[in-house]
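Basis for what follows: all heavy atoms, side chains included, without hydrogens, waters or symmetry-related copies. What you are looking at is a predicted structure, and each value in this text was computed from that prediction instead of being measured.
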Amino acid sequence: MGTPSLSPWVVLVLALVLVGLHAPCVVSRQPNFIVILADDVGWGDLGANWAETKETPHLDQLAAEGTRFVDFHSAASTCSPSRASLLTGRLGLRNGVTHNFAIASLGGLPLNETTLAEVLREAGYSTGAIGKWHLGHHGRHHPNSRGFDYYFGIPYSHDMGCTDTPGYNLPPCPPCPRHGTAAREERKDCYTEVALPLLENVTIVQQPVELGSLATRYAEEAARFIQRVSDSGRPYFLYLALAHMHVPLTPPLPPAPGRGIYGASLSEMDALVGRIKEVADSHGKGNTLLWFAGDNGPWAQKCELAGRLGPFVGAWQRQRGGSSAKQTTWEGGHRVPALVYWPGRVPAGRTSHALLSVLDIFPTLVALAGAALPPNRRFDGLDVSPVLFGRSDVGHKVLLHPNSGAAGKVGEIEALRLAQYKAFYTTGRGAMACDGSTGPAERHQPPLIFNLDRDLQEQEPLDVASGEYQAVLPAISRAYAQALQDIAADNVSVADYSQDPAAIPCCSALLEGCRCRGAPGATPEPHVGKGTPRLCL
């Protein structure tokens with residue numbers, strides 16, 4: 001008896017089943033996202049990057065279990081612009097945020113800009129922000145109005161207000177004034193009159209903040225958020241913007257011999273990240289992507305309280321005076337440590353040399369969530385999920401670096417990366433070195449060009465008469481001109497940088513330093529009941 005023949009449809013179904021048995025596992029539900037942004041951290045502050053660093057065992061383990069990105073850059077080399085770019089995928093010349101907001105700022109990240117939290121919340125995510133915001137706190141610029149269901153943190157940098165325990169800073173800042181104390185002399189670079197507030201959503205829960213316990217509180221609130229959302233069954237996006245390693249530093253214990261204040265603080269940050277990874281793994285290992293990065297490089301003028309640059313010392317600038325770190329377009333200002341951990345999806349123990357940026361976080365997470373990018377605008381970031389998954393090691397062909405406080409106009413594109421080549425159109429003045437120098441402001445036409453493949457220290461620019469310089473200059477000039485034309489043709493925003501003292505978060509204007517009722521040194525407010533909420537204006 002003959003074998004009965006199978007219909008073509010049955011053959012096709014069987015083939016699909018057999019192929020499916022050997023296909024890689026695809027996560028059917030939306031993944032969770034945790035983005036941890038460290039403040040003023042150096043590329044060399046990660047032990048996996050720089051052998052001299054011994055204080056980061058948890059981060060080094062994260063690198064061993066995930067992928068380390070060694071050519072990863074902040075979108076700007078100062079606080080507000082870098083964070084605005086992370087949450088919009090757009091440079092400051094597009095999203096309007098070109099320099100830092102103040103404690104009295106009325107504005108913030110322009111309201112017509114769509115944040116990553118807004119896109120993900122629309123896609124079904126629970127969204128939380130914990131830590132430093134610094135994108136406007138007044139009115140509709142507060143995180144709760146920018147896509148975050150929950151917020152716990154400080155509305156700006158934690159050196160932008162006095163505390164009762166000021167921590168370590170250079171120069172040192174005094175504690176907040178107390179009732180009945182003698183008037184004090186104003187100190188340059190210190191906020192002495194208004195206490196630093198801690199907010200939960202729109203309520204001021206502490207003013208001044210107790211800096212020594214802040215890291216613990218951030219870890220606790222992050223763990224509660226992850227637990228709460230995991231119990232609900234919804235995917236989540238947690239944006240954790242750390243106070244570390246920005247001054248003032250407040251290590252929990254006296255530093256061990258040889259480690260110093262910075263090393264002790266770095267260890268505290270490392271332990272905090274390790275705790276978040278542990279909590280995330282316990283509530284969805286294999287379905288949670290954790291992305292760690294820095295917002296910009298170290299603040300060089302803080303001397304021994306600043307981080308490690310690794311090899312990226314900006315030798316050309318340092319020979320002329322001034323910083324080559326935070327606020328500058330030298331590698332030390334914007335090349336930051338970056339790690340991605342996602343068990344089963346992101347290869348473990350891998351080092352990627354792809355040219356990537358904080359700008360890429362927005363489009364990559366949007367794609368992984370199955371959402372769509374906001375229309376009617378252009379993005380500087382890329383969906384780099386093929387790089388994350390090890391299928392590619394190709395990132396940006398061109399990466400732009402805006403001025404973040406050095407010479408020239410803030411926000412303008414003053415340096416450009418094309419493959420291994422780095423071109424500078426402006427250098428110097430504005431960013432202070434540890435010795436107090438700033439260096440001369442210089443315009444470069446034609447630009448300074450360095451070959452980073454053989455000169456990571458940015459010590460010796462190419463000779464303009466050399467064949468290498470003449471060969472690469474036309475491509476750099478075209479890329480620069482095309483970038484400026486693209487921005488000019490885009491739907492760009494303008495941030496409101498106006499200020500009004502009424503916008504300063506203040507628990508009680510009747511108490512010195514805006515102290516909350518019941519805070520140490522405060523006097524009772526007879527007109528306020530115990531249950532009265534203290535709201536951020």
Side-chain angles (χ1 to χ4, degrees), residues 43 71-78 81-82 85 91-93 98-99 296-298 300 309-336 355 357 359 380 396-433 437-484 487:
W43 188 91
D71 202 357
F72 189 95
H73 300 260
S74 61
S77 55
T78 196
S82 177
S85 290
L91 288 166
L93 283 181
T98 57
H99 53 290
N296 49 248
L309 293 170
F312 306 107
V313 297
W316 187 93
Q317 182 63 61
R318 289 172 67 164
Q319 291 164 5
R320 290 157 176 78
S323 168
S324 58
K326 178 178 178 177
Q327 297 181 309
T328 79
T329 52
W330 298 96
E331 291 294 291
H334 53 75
R335 193 184 291 224
V336 293
L355 180 58
S357 168
L359 291 158
D380 298 291
H396 291 260
K397 294 179 180 178
V398 174
L399 193 61
L400 308 176
H401 300 301
N403 174 28
S404 298
K409 185 179 178 181
V410 291
E412 287 196 343
I413 306 304
E414 296 192 342
L416 176 147
R417 176 78 177 274
L418 176 68
Q420 75 268 35
Y421 294 100
K422 175 91 169 286
F424 288 85
Y425 292 90
T426 306
T427 57
R429 193 174 295 271
M432 188 180 295
S437 65
T438 59
E442 297 183 56
R443 292 285 297 174
H444 303 283
Q445 197 57 255
L448 294 178
I449 300 178
F450 295 83
N451 184 334
L452 298 180
D453 274 356
R454 60 173 182 264
D455 188 10
L456 288 176
Q457 296 184 342
E458 295 173 300
Q459 183 168 7
E460 190 66 37
L462 301 180
D463 183 343
V464 295
S466 68
E468 185 178 13
Y469 187 99
Q470 294 300 321
V472 74
L473 179 61
I476 287 175
S477 299
R478 281 195 303 272
Y480 186 63
Q482 288 169 359
L484 296 183
I487 292 170

[atom2] on [Y] to [atom1] on [X], rounded to 0.5 Å:
| X | Y | atom1 | atom2 | result |
| --- | --- | --- | --- | --- |
| D463 | I449 | CG | CD1 | 11.5 Å |
| T329 | L400 | OG1 | CG | 11.5 Å |
| E412 | N403 | CD | CG | 8.0 Å |
| T438 | M432 | OG1 | CE | 6.5 Å |
| Q457 | L309 | CD | CG | 11.0 Å |
| L484 | L93 | CG | CG | 8.0 Å |

For this session: Quick one: closest heavy-atom pair of G333 and S74, and the distance?
Result: O-OG, 4.0 Å
Exercise. Looking only at heavy atoms, which two atoms of A406 and G428 are closest? And how far apart?
Worked result: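 Smallest heavy-atom distance, with atoms named: CB-O, 3.6 Å.
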For this session: Kindly determine whether L416 and K422 satisfy side-chain contact (heavy atoms from CB on, under 4.5 Å), including the steps that lead there.
Result: CA-CA 6 Å; L416 176 147; K422 175 91 169 286; over 6 Å; no
Could you tell me whether a side-chain N or O of [X] sits under 3.5 Å from a main-chain N or O of [Y], the two making a donor and an acceptor?
| X | Y | answer |
| --- | --- | --- |
| Q470 | V464 | yes |
| S77 | T328 | yes |
| S85 | P81 | yes |
| Q317 | G321 | yes |

Within the 4.5 Å heavy-atom criterion, are [X] and [Y] side-chain neighbours or not?
| X | Y | value |
| --- | --- | --- |
| K409 | T98 | no |
| E460 | D455 | yes |
| Y469 | P447 | yes |
| R417 | V398 | no |

Enumerate, atom names and distances included, each donor-acceptor pair closer than 3.5 Å involving a side-chain atom of residues 476-483, sequence neighbours excluded.
residue	atom	partner	partner atom	Å
S477	OG	L473	O	3.0
Y480	OH	I413	O	3.1

For this session: Return the set of residues passing side chain to side chain donor-acceptor pair (under 3.5 Å) with T426 (not counting sequence neighbours), or none when no residue passes.
Result: R443
Problem set entry | With sequence neighbours excluded, residues passing salt bridge (Lys or Arg N to Asp or Glu O under 4.0 Å) with R335 |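 Expected list: D71, E331.
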For this session: Just jot down the salt bridge (Lys or Arg N to Asp or Glu O under 4.0 Å) partners of E414, sequence neighbours excluded, or say none.
Result: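 Applying salt bridge (Lys or Arg N to Asp or Glu O under 4.0 Å) to E414 gives none.
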Exercise. Do S357 and H396 meet the criterion of a side-chain donor-acceptor pair at a distance under 3.5 Å?
Worked result: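 No pair is found: no donor N or O on one side chain lies under 3.5 Å from an acceptor on the other.
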Problem set entry | side chain to side chain contact (heavy atoms under 4.5 Å, CB included) partners of H99, counting only residues at least two apart | V410, Y497
Exercise. Can the positive tip of R320 be found less than 6.0 Å from the middle of the six-membered ring of W316, inside 45° of the ring normal?
Worked result: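 Yes - R320 lies over the ring of W316, closer than 6.0 Å to its centre and within 45° of its axis.
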For this session: Kindly state each residue pair satisfying ring pair (Phe, Tyr, Trp, His ring centres under 6.0 Å) with at least one member in residues 405-424, sequence neighbours excluded.
Result: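 Matches after skipping sequence neighbours: W330-F424, F424-F450.
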For this session: Just do the side-chain contact (heavy atoms from CB on, under 4.5 Å) check on N296 and H334 with the steps written out, would you?
Result: CA-CA 5 Å; N296 49 248; H334 53 75; over 6 Å; no
Problem set entry | Proximity of H401 and H73 rings by center, below 6.0 Å | yes
